[in-house]
Each structure stands twice: as C-alpha cells, then as structure tokens.
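Sequential numbering from 1 along the given sequence is applied to the chain's residues. Not measured: the values here are computed from a predicted model.
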Amino acid sequence: MKSWTDIYKSQLNEARRALDSIDNEKVDQLIEVLHNNKNNIFFTGVGKNGHVASKASSSFSSMNIRSFFIDPVEALHGSMSLINNEDVVI
C-alpha cells in the first residue's frame with residue numbers, strides 16, 4: 001500500500017506535467033478574446049465536460065459576465081439560433 005506522501009507526490013507530478021503541457025500562447029489568445037468580448041459567452045460540452053462548462057458559465061455569470069451553458073445536442077434542435085457571429089463559444 002502506498003503511503004499518503006507517495007500518493008501526494010504522484011498527484012503533484014501529474015499536476016506539473018499537465019501544467020507543462022499547456023500552450024501559453026493559446027491561453028493568452030483566449031484571455032484576449034474574452035477580455036475584448038462585448039457579447040455573450042456560451043460554454044458547451046457533453047458528459048463531464050458539460051458539467052465543467054456549466055460550472056464555468058455559472059462562475060462567469062456570478063462575476064457579472066454574460067455567459068450561458070448550451071447543451072450541444074439541444075443546440076442542434078433549435079437553441080443554436082441564440083448564438084450570433086459576435087458571441088464567443090467555448
């Protein structure tokens with residue numbers, strides 16, 4: 001059985017590996033897009049990604065940033081008309 005310190009170190013190494021894999025230039029571009037956006041932000045996803053997207057939308061809304069979660073399956077059946085060319089979809 002692994003000790004708690006071994007488990008913690010393993011998780012820390014995985015977090016470092018994940019951080020190292022992030023493309024900082026793309027993150028900067030996303031921040032720029034979100035910062036300059038004057039319209040709606042739509043978050044979307046299926047399954048766990050959908051739950052994360054819904055939470056992100058809720059967090060943005062709590063900061064008074066217009067954002068919405070849109071289910072991608074429902075979007076195909078009519079909800080997509082809510083999105084215009086000036087909105088941001090994540």
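The side-chain hydrogen bond (donor to acceptor under 3.5 Å, both in side chains) test with Ser67 singles out one residue from Ser61, Ser59, Ser58, Ser62, and that residue is Ser61.
Within the 4.5 Å cutoff, the side chain of Ile41 has heavy atoms near those of the Ile65 side chain. Contact of the Ile90 side chain with the Leu30 side chain is registered, since non-hydrogen atoms from C-beta on lie closer than 4.5 Å. Phe43 places none of its side-chain heavy atoms less than 4.5 Å from the side chain of Val89.
Minimum heavy-atom separation, Asn40 to Asp87: N-OD1, 3.0 Å. Here the closest non-hydrogen pair linking Pro72 and Gly45 is CD-O, 3.5 Å. Summarising the geometry of Asn39 relative to Arg66, their closest heavy-atom pair is CA-NH2, 3.1 Å, with the distance given to 0.1 Å.
With hydrogens and angles ignored, the 3.5 Å screen pairs no side-chain donor or acceptor of Asn37 with any backbone N or O of Val33.
Applying the side-chain hydrogen bond (donor to acceptor under 3.5 Å, both in side chains) definition to pairs two or more places apart or across chains, those involving residues 15-29 are Glu14-Arg17.
In this structure, the separation between CG on Leu82 and CZ on Phe42 is 5.5 Å, given to the nearest 0.5 Å. Going from atom OG of Ser54 over to atom CG of Asp71 covers 10.0 Å, rounded to the nearest 0.5 Å.
There is no path of hydrophobic side-chain contacts, each under 4.5 Å, that joins Phe60 to Phe68. Transitive grouping of hydrophobic side chains (ILVMFWY, heavy atoms separated by less than 4.5 Å) brings Ile31 and Leu19 into a common cluster.
By the ring pair (Phe, Tyr, Trp, His ring centres under 6.0 Å) test, Phe69 is found to be paired with no residue, residues two or more places apart in sequence or in another chain being considered.
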